[in-house]
Amino acid sequence: MTRVRFAPSPTGDLHVGGARTALFNWLFARKTGGTFILRVEDTDGARNTEEAAQGILKGLRWLGLDWDEGPDAGGDYGPYFQSQRKAIYDAYLAKLEAAGRVYTEDSGAVRFKFSRTPIKVHDLVCGDVMFAATEEPDMTVRRPDGSYIFHFVNVVDDIEMKMTHVFRGEDHLSNTWKHIDLFNAFGATPPTYAHIPLILNPDGTKMSKRDEGSAVEKSYMNEGFLPEAVFNYLCLLGWTPRTEGEKLSREALVNLFDPAEIHNANARFDMHKCQWFNAQYLRALSAEELLFSCRRFIEKAGYTITDDAVAAAAVYSVKEKVSLLTEIPAWVHYFFRSDYPYEDDVMAKLKAKPENATLLKAAADGFRTLTDWSETTVQSAIEEAAKAHSVKPGALMPLLRFALSGQSRGPGVNTIGHLIGQESTLQRIENTLGLIG
RNA sequence: GACCCCUUCGUCUAGCGGUUAGGACACGUCCCUUUCACGGAUGCGACAGGAGUUCGAUUCUCCUAGGGGUCGCCA
């Protein structure tokens with residue numbers, strides 16, 4: 001039975017790098033039928049915040065990463081906050097004391113005596129990595145105030161929580177020999193490691209807190225991404241599933257996951273491609289699903305949805321025009337209000353030719369006689385009105401679009417007319433005629 | 001400075017001794033089209049450099065360069 005964990009430190013937002021680390025651990029657990037544990041490494045009292053911890057849980061849940069043991073989930077190896085496990089650490093420190101592997105400095109800090117022998121790290125991604133006997137100073141494991149250091153608690157908890165595998169960022173590789181030294185001192189067997197490549201900024205520098213696209217909540221949840229799209233993209237940054245195509249469902253990703261295929265070279269983050277994935281997932285949504293996903297963005301933009309069926313059809317009609325949910329309000333605002341603004345060039349074009357008013361009136365006359373109001377009948381009415389005035393439908397369509405939406409681009413005119421209804425269509429044409437004199 | 005990891009189109013990557021070096025994103029062009037898009041077609045575009053091993057290196061070895069990481073009483 002495999003047991004893996006994601007062990008974030010609540011000092012800030014959930015990062016894409018951390019998210020992907022969590023993702024790979026989760027994928028491995030689900031693939032192997034193992035257990036995915038969430039352990040909060042809040043040993044740095046000065047920098048940890050409850051807000052950050054909640055934000056990280058929120059981000060993980062948004063991505064669809066559920067944990068079998070951890071905060072809110074319970075489990076047999078808790079507590080899952082390191083700040084609540086001091087007694088366990090004290091007991092483990094006593095073991096090292098008994099074995100003569102630690103000593104206390106004048107300051108009160110406790111240091112672990114390195115074995116100072118060569119140590120081999122067996123890694124699923126990097127292979128066997130040899131580290132020569134170290135010349136570094138012995139490692140501090142406990143601060144003078146009695147609190148413990150990352151390397152120590154990380155190892156102790158991996159032993160206590162019976163971890164079998166550890167997927168973590170490659171930035172930890174250089175310190176792994178220290179962890180193995182500790183495992184050995186405790187007489188425990190180290191887990192199997194898999195150090196995954198880092199995610200870099202587009203310019204190749206290390207991605208950190210302030211960089212664009214680094215925070216899951218700020219850059220993705222609030223920017224109109226769908227979690228399944230981000231999930232999919234992140235998986236492919238550092239891993240190539242052996243299959244055709246790149247748009248892969250959660251289930252497919254789980255089935256295909258193989259740690260041996262994880263790359264060992266860092267990858268740069270490409271927001272363009274991440275958005276492309278989002279667009280792909282967006283277009284695969286049903287009208288109802290799309291409305292469900294973008295409702296909060298429409299309301300946040302200040303528009304009120306009074307008819308879910310119309311709203312769903314409206315957002316569905318523009319789904320292939322956007323790649324982010326945040327772009328949708330600007331495309332559909334006129335479905336939710338009658339006092340929509342006219343784009344500058346739209347009004348200019350309407351006023352450009354006197355016959356425009358004639359054509360619009362003709363279309364309105366046609367619409368008025370319709371007893372059946374559907375996309376098809378609206379379309380026919382437009383074509384007939386155009387034909388009656390010896391112009392191509394293509395000449396009338398833009399005018400109607402301008403009148404009904406105030407915009408120069410959007411869904412088919414017949415779709416707009418159908419959705420806003422016959423009465424509103426006639427009213428909007430009348431209003432527009434009044435504006436262009 | 002020491003140690004560790006890495007190096008194929010701009011980006012993500014396929015390739016695991018012999019390929020016209022393939023795909024995706026981005027970008028250009030064309031088609032479709034009432035707009036904007038979608039979609040379809042097509043084009044542009046890479047093996048960091050140098051030695052070796054070999055009949056033959058993108059692929060194996062070494063060196064150099066470049067990038068990233070680690071050397072905390074941060075995690």
Side-chain angles (χ1 to χ4, degrees), chain A residues 7-12 18 41-44 46-48 82 105 107-111 121 123 125-127 129-132 134-137 139-154 168-178 195-207 233 236-242 244-247 263-277 279-280 282-283 317-323 331 346 379 382-383 386 391-402 405 407-414 416:
Chain A
S9 174
T11 55
E41 307 216 325
D42 53 350
T43 55
D44 184 355
R47 300 201 303 157
N48 298 141
Q82 291 187 325
E105 298 196 307
S107 65
V110 177
R111 286 186 183 261
V121 175
D123 191 280
V125 174
C126 303
V129 183
M130 285 300 306
F131 289 87
T134 188
E135 291 178 19
E136 283 182 30
M139 171 171 69
T140 301
V141 294
R142 198 184 70 174
R143 303 184 183 93
D145 68 2
S147 63
Y148 291 89
I149 299 299
F150 161 73
H151 300 293
F152 180 83
V153 294
N154 190 267
R168 50 160 50 153
E170 198 217 78
D171 50 342
H172 287 291
L173 182 60
S174 296
N175 281 326
T176 301
W177 64 269
K178 298 175 185 175
H195 286 90
I196 63 184
L198 269 24
I199 296 178
L200 273 26
N201 286 314
D203 66 0
T205 56
K206 187 185 182 186
M207 186 179 264
Y233 176 66
L236 268 38
L237 221 45
W239 170 48
T240 307
R242 302 194 74 82
E244 288 294 311
E246 296 188 326
K247 182 169 177 282
H263 309 160
N264 47 18
N266 295 341
R268 300 180 191 208
F269 190 88
D270 184 352
M271 186 55 89
H272 263 297
K273 188 149 190 180
C274 191
Q275 290 191 7
W276 176 79
F277 268 104
Q280 298 302 307
L282 222 53
R283 286 166 206 149
S317 73
V318 300
K319 67 172 177 162
E320 74 282 354
K321 302 178 189 306
V322 303
S323 56
W331 282 92
V346 159
Q379 178 73 21
I382 295 171
E383 287 169 4
V391 299
K392 292 178 181 174
L396 178 52
M397 292 287 187
L399 302 179
L400 282 168
R401 175 188 306 291
F402 297 161
S405 71
Q407 297 191 166
S408 58
R409 18 149 92 172
V413 173
N414 58 333
I416 298 175

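Remember, it's a predicted structure, so these values are computed and weren't measured experimentally. The sequence lines fix the lettering, A, B, ..., with proteins before strands; numbering per chain opens at 1.
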Subject >> Positions of residues 141-152 of chain A (non-hydrogen atom under 4.0 Å from RNA chain B), listed by number >> reply: A:Arg143, A:Pro144, A:Ile149, A:Phe150, A:His151
**OP:** Output yes when a side-chain donor or acceptor of A:Asn201 lies under 3.5 Å from a complementary backbone atom of A:Asp203, and no otherwise.
**Re:** no
**OP:** Could you tell me the separation between the CD atom of A:Glu105 and the P atom of B:C73, rounded to a whole number of Å?
**Re:** 9 Å
Subject >> Contact pattern, 5' to 3', of nucleotides 32-38 of chain B - B, S or - by protein heavy atom under 4.0 Å >> reply: --BBBBS
side-chain contact (heavy atoms from CB on, under 4.5 Å) partners for [X], two or more places apart:
X	answer
A:Thr240	A:His263
A:Arg409	A:Trp331
A:Ala109	A:Glu105, A:Ser107, A:Thr140, A:Pro144
A:Asn414	A:Glu375, A:Val378, A:Gln379

Subject >> side-chain hydrogen bond (donor to acceptor under 3.5 Å, both in side chains) involving A:Asp123 - partner list, sequence neighbours excluded >> reply: A:His195
Subject >> side-chain hydrogen bond (donor to acceptor under 3.5 Å, both in side chains) partners of A:Gln82, counting only residues at least two apart >> reply: A:Glu41, A:Asp157
N/O-N/O pairs, protein side and nucleotides 22-24 of chain B side, under 3.5 Å:
unit_1, atom_1, unit_2, atom_2, d
B:A24, O2', A:Glu246, OE1, 2.8
B:A24, O2', A:Lys273, NZ, 3.1
B:A24, N3, A:Lys273, NZ, 3.2

Subject >> Pairs where residues 142-153 of chain A contributes a residue and the test side chain to side chain donor-acceptor pair (under 3.5 Å) is met, not counting sequence neighbours >> reply: A:Asp90-A:Tyr148, A:Arg143-A:Ser147, A:Asp145-A:Ser147, A:His151-A:His179
Original post:
Closest to the A:Phe131 side chain: B:C74, B:C73, B:C3?
Top reply: B:C3
**OP:** Over all heavy atoms of both residues, which pair between A:Pro241 and A:Leu236 is shortest? Give the atoms and the distance, please.
**Re:** CD-CD1, 3.8 Å
Subject >> Listed partners of A:Asp270 passing salt bridge (Lys or Arg N to Asp or Glu O under 4.0 Å), at least two apart >> reply: none
With 3.5 Å as the limit, what N/O pairs link the protein to nucleotides 5-8 of chain B?
unit_1, atom_1, unit_2, atom_2, d
B:C5, O2', A:Glu170, OE2, 2.9
B:C6, OP1, A:Asn264, ND2, 3.3

**OP:** For B:C38 versus B:G28, give the span between their P atoms, rounded off to a whole number of Å.
**Re:** 12 Å
